[in-house]
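Values in this document were obtained by computation on a predicted structure and should not be read as measured data. Positions are given from 1, in the same order as the sequence printed here.
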Amino acid sequence: VLDVAIAGGCETAKQRRVILWLCPAFLLIQLLGWLVLGESGVKQIYPIIVHLPLALILVTVLKRSWGVAIVSTCTAYLCCQPPRWGRIAVEALTQSTLAAELVYILLMPVMYYLLRRFFVAAAYNTMTSSTAALLLFGSLPTREQLDDFCDILAEHRALPEGFMDTMNAPSPNIMNKLQRCVLGLYSYDDRAEDLSLENILNQSINLIASMPTMMVNAYQMKRRYYDKQSMFFHLPKPGQSTAEHILSTYRPDQKFTHEEAKLLDMCLLVHADHGGGNCSTFTTRVLSSSGTDTYSAISAAIGALKGPKHGGANLMVNRQLQDILKHVEHPEDDDEVREYLRRILRKQAGDGSGLIYGMGHAVYTISDPREVILKQRARHLAYEKGFEEEYNMLCSIERLAPDIFAEEKGSSKPVCANVDLFSGLIYRMLGISEDLYTPLFAIARVPGWCAHRVEEVEYANRIIRPAYKYLGEPQEYLPLEER
């Protein structure tokens, strides 16, 4: 590209030689900056490593004025998509083909970053919505179907007119309030008892869209009445993904980064339904088999998920992590960490339950793929936000706990970390209150609950009645006078 520009330009041989040396040098500086500082670091010093060198070359080598140099570099950045627009704009400003090609080449890393950011953002903004559509309709949507589905979700984010009256009675537990809010929607649905497939899908989409709004509003009420803090309510913004909607309405200033939304979106994705055997999903199927309405079935699932043995595990992981860091003097010492974990299993430390929260799963034994994903995603944010000690301790627990289980329990069954091990830390790094850890789990699970409800109502058509076997001793009836 430079050879063509030099052949057709009017620059001197000396200018050409200098530029041919400077161009690779500045590209190398950008590359080294990217490798050493990372993407976030490069963004902070971007004007120094890109705009300033470009302006200096235009002024000192090509003898253009500072005004032309500044306008050219800014124009090239703003017009770099598609690339030819930036080249044409700079050539018109500087009257130099070489300057245009030079600016274009040095801005190539910027164009790469913008393109990557655009496509990654587009993918993550629709990832949770794609999963919800997959669970409800049985296949991944096309682009057109996905756009329509996202638009429908956006239209249903807001709560019905007058629904805030339902929310006026606060609750110290957001899951309890979420249950009541879901039941409250019954009063605003003219077809609440209609069990047709079309109506159940409409109700399901409405719940998927509105539950994040209910959750955040319930949390604000709790802050006001129980925590004695100010509450604030933000209206939903069109075009936002579920993760973006949550962060935007939860935070007072409504500000969040793309990386934060992406990480929360990933948490929602990996917590989505993964089978009908878990407690809350089975609850949905049991109630649906009785012929009850959608709101009763989903509120019951929320009640099941509320239990600490089911949905509250990530909160317990967080509390146990703080306890371990408080009592282990040298977190980097494996022997000291191992001994404290052994005491937890023996019910001599921690909350006395004998459980190492975040370890073990009923189905996954070798590894939990959801945990693997969250662990990878959490590392960068942990080191960026100063949570290295917490992250490294969780890694130590994951590494040491399986052997301790084998030694203490005398079992050869492999034990691995589960999805809850790192999800609580991610929520904490995002500044999300512990009050919302389990409600976020419910929001991730509601598409799967609704999908199981559709399946149960449409295809099972018989009530679920588990068989029980009495293990006690038979007793003869005694009259009241002989007891």
Side-chain angles (χ1 to χ4, degrees), residues 171-176 178 219 222 226-227 267 271 278-280 302-365 368 370-371 374-375 378 382 387 389-411 413-430 432-442:
S171 172
N173 189 293
I174 307 303
M175 290 292 281
N176 173 271
L178 204 55
Y219 172 69
K222 187 258 182 186
Y226 293 96
D227 301 339
C267 283
H271 281 92
N278 64 77
C279 181
S280 56
I302 295 172
L305 191 68
K306 177 188 173 188
K309 293 181 180 179
H310 184 19
N314 53 17
L315 176 59
M316 302 307 294
V317 170
N318 237 24
R319 292 176 179 174
Q320 189 172 75
L321 174 62
Q322 300 310 309
D323 176 72
I324 293 173
L325 290 173
K326 179 180 177 181
H327 291 94
V328 173
E329 189 173 348
H330 303 98
E332 70 284 351
D333 185 347
D334 280 0
D335 290 335
E336 190 175 350
V337 174
R338 187 182 289 107
E339 183 56 33
Y340 195 77
L341 292 176
R342 201 182 302 278
R343 291 183 59 209
I344 290 176
L345 276 182
R346 293 173 179 174
K347 301 182 180 181
Q348 299 170 351
D351 61 0
S353 66
L355 299 174
I356 299 179
Y357 296 105
M359 294 299 302
H361 192 272
V363 177
Y364 299 119
T365 55
D368 184 338
R370 304 167 301 165
E371 182 270 342
L374 288 189
K375 180 181 178 181
F387 287 86
E389 186 178 47
E390 289 86 347
Y391 178 84
N392 291 333
M393 177 55 74
L394 290 178
C395 291
S396 296
I397 293 172
E398 179 185 17
R399 178 166 42 83
L400 300 173
D403 290 338
I404 299 172
F405 270 106
E407 294 168 7
E408 292 294 317
K409 304 293 185 181
S411 171
K413 180 183 177 181
V415 176
C416 69
N418 60 48
V419 69
D420 297 308
L421 187 64
F422 285 93
S423 61
L425 177 61
I426 289 175
Y427 294 150
R428 185 180 170 197
M429 292 189 294
L430 292 174
I432 294 174
S433 168
E434 287 187 351
D435 292 317
L436 299 184
Y437 286 11
T438 310
L440 283 169
F441 198 169

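A salt bridge (Lys or Arg N to Asp or Glu O under 4.0 Å) check over residues 302-316, counting only residues at least two apart or in different chains, returns nothing. Within the structure, salt bridge (Lys or Arg N to Asp or Glu O under 4.0 Å) pairs that include any residue of residues 354-363 do not occur (at least two apart or interchain). Residue pairs meeting the salt bridge (Lys or Arg N to Asp or Glu O under 4.0 Å) criterion with at least one member in residues 311-333, sequence neighbours excluded, are R319-E434. The list of salt bridge (Lys or Arg N to Asp or Glu O under 4.0 Å) pairs with a residue in residues 396-407, not counting sequence neighbours, reads D334-R399, R342-E407, K375-E398.
A pairwise comparison of heavy atoms in N418 and E371 identifies O-CG, 3.2 Å as the closest pair. Taking every heavy atom of both residues into account, P172 and K222 meet most closely at O-CE, 3.7 Å. Residues S280 and A304 approach most closely at CA-CB, 3.8 Å, considering heavy atoms. Closest approach of G311 and T438 over heavy atoms only: O-OG1, 3.3 Å. Listed here is the closest heavy atom pair of C416 and Y364: SG-O, 3.8 Å. In plain terms, the two heavy atoms of L345 and G354 that are nearest each other are CD2-O, 3.4 Å.
V419 is not listed as a side-chain neighbour of H361, based on a closest heavy-atom distance of 4.5 Å or more. The shortest distance between side-chain heavy atoms of M429 and Y391 does not fall below 4.5 Å. Between L436 and Y427, every side-chain heavy-atom pair lies at or beyond the 4.5 Å cut-off. Residues D368 and M359 have side chains not in contact (no heavy-atom distance under 4.5 Å, counting atoms from C-beta outward). Side-chain contact check for L305 versus H310: some heavy-atom pair is nearer than 4.5 Å. Annotation: side chain of L425 is not in contact with side chain of L374 (no heavy-atom distance under 4.5 Å). Contact annotation: the side chain of I324 approaches that of I397 to within less than 4.5 Å [non-hydrogen atoms, C-beta and beyond]. Taking 4.5 Å as the limit, some side-chain heavy atom of F422 sits within range of a side-chain heavy atom of C395.
Once rounded to the nearest 0.5 Å, the distance linking CG of L394 with CZ of F387 reads 11.5 Å. The line from CD1 of I356 to CG of L341 is 4.5 Å long, rounded to the nearest 0.5 Å. Here the straight-line distance linking atom SG of C267 with atom CG of N314 works out to 9.0 Å at 0.5 Å rounding. For the atom pair CG of L325 and CD of Q320, the computed distance is 11.0 Å after rounding to the nearest 0.5 Å. The CD1 atom of I174 lies 12.0 Å from the CD1 atom of I302; values are rounded to the nearest 0.5 Å. For the atom pair E339 CD and H327 NE2, the distance stands at 14.0 Å (nearest 0.5 Å).
Every residue meeting the side chain to side chain contact (heavy atoms under 4.5 Å, CB included) condition with L355, not counting sequence neighbours, appears here in chain and number order: S353, Y357. Listed by chain and residue number, N318 satisfy the side chain to side chain donor-acceptor pair (under 3.5 Å) test with Y437 (two or more places apart in sequence, or in another chain).
Counting only distance, with no hydrogens or angles, the side chain of D420 and the backbone of G358 share no donor-acceptor pair below 3.5 Å.
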